[in-house]
Amino acid sequence: METEKSASRLALKQHVGIYKQFYGGIILNCQSSEELQALVNECRDYAKQGKVADYIPALKKAKQNDLSISIFYPDGYGFSAGDCQQSMTLQSISKVISLALAIMDRGVDYVFERVGQEPTGDPFNSVAKLETNKPSKPLNPMINAGALAVTHMIKGANVQERLHRLMTFIHAITGNDQIKVNEEVADSEFKTADLNRSLCYFLRQHNVIEENVEDLIDLYTKQCAIEVTCLDLAKIGCVLAMDGVEMSTGKQVIPHEIARICKTFMVTCGMYNASGEFAIKVGIPAKSGVSGGILGAVPGKCGIGIYGPSLDEKGNSIAGVKLLEKLSKKYSLSMF
Ligand code: GLN
């Protein structure tokens, strides 16, 4: 057992972008990571009922049946099962990180004077509520309109400096300075992001943002194209679960209050217009992205990273949601 534990530690320490699959350990009250692999096997078939995102052309290359999970604990242990060597881009998961940084840069009042705090029953890229809500401000930071406004608030002299600050922040949260932007995915989204451009123009007309729309889309598409593994996601989840403390260094990388705000948004809006049902069935603060990633933070316990690119009609990983549902039930992870 000791050898297994040190092997696990070693594997985590050696993690550079690609994470080597390893098994053997205790997951909460789970007695072996074979149990985790068994859950992956049970859920893999759900992928057939979904569809890989294709509105960003580069995302079409994903393998529909891939499914993987990592769990990361505050004491530095991590366990994975499935196709966990596969990397993904953050897509909407990046909205949690940009929100944390924007609040750190500008303060709570400034951010929420410009972006609301309420869930929406609309799809993530909907323009509808921007027009019908008065005063015209995005309903929350987890939908595209809100996320674009939040990314606008990240401080820096230009796009490059703002992206650099965001990357440095992610490196500190994950302890992995190898994380980079996938330029192909960023470019692919930049060329096809007309709906997001239209959201930006709307926001600019209503004085929510001021900058050049092409610059903001450039920064936003790069933010969405940051490439991670399930283990990186699980580490981000663990920092949020531990109220902003990165446990290996003991550093408060996200202020406690801001970590609390991020987790609250993950519960109320993290799975878009499926957040209510997800809260009932899973009960874990989580954020999904159209690449098929899901970031989970079990308060005080662990972080979870999921990858399953086949999506349901709301844009959430179809097998990933099932996997979290089974995991939460089996190990009583719901916070409710
Ligand atoms: N980059 C994607 C977009 O803006 C993110 C959406 C998502 O992951 N739901 O369309």
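No hydrogens, no waters, no symmetry mates; every other heavy atom, side chains included, goes into these values. For ligands, and for the atoms within them, numbers begin at 1 and follow the listed sequence.
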Which protein N or O atoms sit under 3.5 Å from any N or O of ligand 1? Give atom names and distances.
| from | atom 1 | to | atom 2 | distance (Å) |
| --- | --- | --- | --- | --- |
| ligand 1 | 1 (N) | Q91 | OE1 | 2.6 |
| ligand 1 | 1 (N) | E189 | OE1 | 2.9 |
| ligand 1 | 1 (N) | E189 | OE2 | 2.7 |
| ligand 1 | 4 (O) | N144 | ND2 | 3.0 |
| ligand 1 | 4 (O) | E189 | OE2 | 3.2 |
| ligand 1 | 4 (O) | N196 | ND2 | 2.9 |
| ligand 1 | 4 (O) | Y220 | OH | 2.7 |
| ligand 1 | 8 (O) | S92 | N | 3.0 |
| ligand 1 | 8 (O) | S92 | OG | 2.8 |
| ligand 1 | 8 (O) | V290 | N | 2.8 |
| ligand 1 | 9 (N) | S92 | OG | 2.9 |
| ligand 1 | 9 (N) | Y272 | OH | 2.5 |
| ligand 1 | 10 (O) | Y55 | OH | 2.5 |
| ligand 1 | 10 (O) | N144 | ND2 | 3.4 |

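A cation-pi contact, defined as under 6.0 Å to the ring centre and within 45° of the axis, links R114 to Y110. For the pair R106 and F112, the cation-pi test (distance below 6.0 Å, angle within 45°) is failed.
Considering every non-hydrogen atom in both P299 and M335, the closest pair reads CG-SD, 4.3 Å.
A salt bridge links D105 with R165: the closest approach of a Lys/Arg side-chain nitrogen to an acidic carboxylate oxygen falls below 4.0 angstrom. Note on E246 versus K235: no salt bridge recorded, every NZ/NE/NH1/NH2 to OD/OE distance being 4.0 Å or above.
Applying the 4.5 Å side-chain rule to ILVMFWY residues, one finds Y55, I56, L59, F124, Y272, V290, L311 in the same cluster as V185.
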